[in-house]
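Structure record follows, encoded as structure tokens.
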Amino acid sequence: MAIKYSELELAINTMVTEFHKAADDAPTMSTTQFQTFVSKQMPLLAKTVESEEGLGQVLQQMGVESGQNICFENFWTLINQQALQTFNGAHKEKAIKCNCLLQ
């Protein structure tokens, strides 16, 4: 019997798979690969990383040091930030009362 994965599990698998595909199956990706990845997979963020200044800010928020490649942990930091922004936007729009402690 085949395992049936939840939508959340499938989404996580997609993020991992797409990260490594963008990194040419390497454990890290260059900033150029990252910019291409974001432009294809995260169009709302793509405009931010088009400029060197915007890219630098995003990399800094992800914990990427100057000249360092982006690892999946750095990418996951970005996903966390994007999730928080989405949550905060939905929270305000729908007046949702939530006691979640998102960090």
Check: Got a second to check how far T77's OG1 is from Q82's CD, nearest 0.5 Å?
Finding: 12.0 Å

Notebook entry, point to check: So which heavy atom on F37 is nearest to which on A22, and how close?
Noted result: CD1-CB, 3.4 Å

Check: From L59 CG over to E52 CD, what is the distance, rounded to the nearest 0.5 angstrom?
Finding: 9.0 Å

Next item on the list: Determine whether I12 and Y5 fall in the same hydrophobic cluster, where Ile, Leu, Val, Met, Phe, Trp and Tyr are linked whenever their side-chain heavy atoms lie under 4.5 Å apart.
Entry: no

Item checked: ILVMFWY network linking F75 to L8, side-chain heavy atoms under 4.5 angstrom -> yes

Item checked: Side-chain (H20) to main-chain (A26) donor-acceptor, under 3.5 angstrom -> yes

Check: Does CD belonging to E9 count more than 12 external heavy atoms closer than 6.0 Å?
Finding: yes

Check: Do any N or O atoms from the side chain of Q61 and from the backbone of L78 form a donor-acceptor pair under 3.5 angstrom?
Finding: no

Notebook entry, point to check: NZ/K40 to NZ/K21 distance, rounded to the nearest 0.5 angstrom?
Noted result: 9.0 Å

Item checked: Inter-residue atom distance M62.CE - Q68.CD, 0.5 Å rounding -> 9.5 Å

Margin query: Please identify which of these residues, N69, I70, T36, meets the side chain to side chain contact (heavy atoms under 4.5 Å, CB included) condition with S30.
Written below: N69

Checklist line | Euclidean distance, F72 CZ relative to M15 CE, rounded to 0.5 Å | finding: 6.5 Å

Note to self: Apply side chain to side chain contact (heavy atoms under 4.5 Å, CB included) to residues V58 and F34 and explain how you reach the verdict.
What the structure shows: CA-CA 11 Å; V58 170; F34 176 71; 4.2 Å; yes

Check: If every non-hydrogen atom of S39 is compared with every non-hydrogen atom of A46, which pair is closest and at what distance?
Finding: CA-CB, 3.7 Å

Check: Can you name the nearest heavy-atom pair linking T28 to A23, along with the distance?
Finding: O-CB, 3.3 Å

Margin query: Assigning hydrophobic clusters by single linkage (Ile, Leu, Val, Met, Phe, Trp, Tyr; side-chain heavy-atom cutoff under 4.5 Å), is I79 placed with L10?
Written below: no

Margin query: So, taking the atom named CG in L55 and the one named CD in Q60, what distance separates them when rounded to the nearest 0.5 Å?
Written below: 11.5 Å

Note to self: Do V38 and L84 sit in one hydrophobic cluster, given that two such residues count as connected whenever their side-chain heavy atoms are within less than 4.5 Å of each other, even indirectly?
What the structure shows: no

